[in-house]
Number of protein chains: 2
Amino acid sequence: MASQTAKTRRKPRADSLRNRQKLLEAASVVFGAGDGQASLEAVARQAGVGIGTLYRHFPTREELFEAVYRNEVDILGDLAERLVAEGGDTVEALRRWLHASIRLFTTKSGMIEGLQLAAAGSSELRAYSLERMTGATALLLKSGVDAGQMRDDISPEDIFRALVGIFYSQMPTKDPADTIRLIDVFVDGLRKR
Amino acid sequence: MASQTAKTRRKPRADSLRNRQKLLEAASVVFGAGDGQASLEAVARQAGVGIGTLYRHFPTREELFEAVYRNEVDILGDLAERLVAEGGDTVEALRRWLHASIRLFTTKSGMIEGLQLAAAGSSELRAYSLERMTGATALLLKSGVDAGQMRDDISPEDIFRALVGIFYSQMPTKDPADTIRLIDVFVDGLRKR
DNA sequence: TTGATAAGCGGAGGCGCCCTCCGTATATTG
DNA sequence: CAATATACGGAGGGCGCCTCCGCTTATCAA
């Protein structure tokens, strides 16, 4: 058997998995609330586990951030797939997805902040999230192009970069509603005419 | 008496001024070393004053950052004036000034980081530094144009934005030497031909 | 000069957070 | 139902934050 290399390992304990998940959710809540510096003890409290448990699962602050971030990126990726599968107006689907992305970035601005720590260390994470996000964009775009509703001369990368650019240019001061409006303008521009 | 409004105030004590200056220098050293999170106690230690003294001068972390930053921006502003006054090759002067700016930004990357805190609060600081920096750029540019050595169809704002853009695009990973090289290319492009 | 006093100084102390370590508890396995 | 690998909680030591206050000193008026 191939299990030779990694010895024979027990399967992970159920409570361990549960706690890991609780920690992820708690971290999302605590850090999401605009404070990327929030204490890890607060995260453990919110999760209802001991501080030691937190440290066992995520030995460093960065690892926790990274895990939460991956989680949220995956949520957005899944959302794109779901929207496409659902069918319906493709432009509306793209619009919704971009809105969700912006909403997540703004509500979790603490994340972004914390990420700069994590991203500095692991460029693998950058690559992963970039790929996942452009992949999602590509999916939505393709379904729009196939349906003859969107122009086909724009690359998913450019769309995603535009998202990030719009987001950052507005970043610290402006009302999120303004950002959403800009996104809508942009999406309207993607309509085939 | 007109002193009604502001009472009669003694002039500030000499040791107080000295300590303030020592703190500013210490903070520049401590935070400059790439760590915007460094402890304030370390700053006080480095300055050779008590922690209480630090807090009296700069009640919040942000205020200290802001003061240090203003100080450094002023240094760059003064440098531009000095370079122009000295005469000599104007292109070389601009090049030197941009190098100095980049060097300061990279060695003090901890500053930039800490600044995001301060800048979030005081957009007045943003305005001040922007004005001071573009002012310096304008001065250097004008002296180059007057000497017939630089093209006159580029605005100081654009030059400064280019500086910032180049800097940020390279920011976390790349070798500072690469950034310097890009700056040199850019400056070369400003030569009148 | 000198004494009065406003201004400034240092650092002890209370508190919260970081992280480690280990005795206790429990899920998994045969 | 053991046996044991795994995971759990939280006490505890260390450090940084910030306040508070008794002591020191620069300034000023006489």
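Chain letters run A, B, ... following the sequence lines, proteins first and then strands; every chain starts at 1.
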Does [X] reach the main-chain N or O of [Y] with its side chain, forming a donor-acceptor pair under 3.5 Å?
X	Y	answer
A:T53	A:V49	no
B:W97	B:L79	no
B:R61	B:Q37	yes

Side chains of A:E25 and A:S28, donor plus acceptor under 3.5 Å: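 A:S28 and A:E25 do not have a side-chain donor-acceptor pair below 3.5 Å.
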
A:Y128 and A:D74: side chain donor to acceptor below 3.5 Å: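 Present: a donor and an acceptor within the cut-off.
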
Would you kindly give the [atom1]-to-[atom2] distance between [X] and [N], to the nearest whole Å?
X	N	atom1	atom2	value
B:L64	D:dC17	CG	C1'	14 Å
A:K22	D:dA7	NZ	P	15 Å
B:R20	C:dC9	CZ	P	11 Å

Sorted by number, the residues of residues 11-18 of chain A with heavy-atom contact under 4.0 Å to DNA chain D: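 Within residues 11-18 of chain A, the residues near DNA chain D are A:R13, A:D15, A:S16.
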
Annotated protein contacts, base or backbone, on nucleotides 12-23 of chain C with a non-hydrogen cut-off under 4.0 Å, one of B, S, - each: B----SBBB---

Is [X] salt-bridged to [Y], cutoff N-O under 4.0 Å?
X	Y	answer
A:E66	A:R70	yes
A:E86	A:R82	no
A:R132	A:E81	yes

Between the protein and nucleotides 1-4 of chain C, which nitrogen or oxygen pairs are less than 3.5 angstrom apart?
none

Option passing side chain to side chain contact (heavy atoms under 4.5 Å, CB included) with B:R95 (candidates B:I180, B:T90, B:V187, B:D89):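 Only one of B:I180, B:T90, B:V187, B:D89 forms a side chain to side chain contact (heavy atoms under 4.5 Å, CB included) with B:R95, namely B:V187.
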
OP1 or OP2 of C:dC9 under 4.0 Å from side-chain N/O of B:H57: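 For C:dC9, OP1 or OP2 has a side-chain N or O of B:H57 closer than 4.0 Å.
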
Phosphate contact (C:dC9 OP1 or OP2) by B:N19 side-chain N/O below 4.0 Å: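 Answer yes for this pair, as a side-chain N or O of B:N19 is under 4.0 Å from OP1 or OP2.
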
Verify same cluster id: B:L139, B:I75 (apolar side-chain graph, 4.5 Å):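 No, no single cluster joins them.
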
From A:D188 atom CG to A:F186 atom CZ, the distance as rounded to the nearest 0.5 Å: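 The distance works out to 11.5 Å.
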
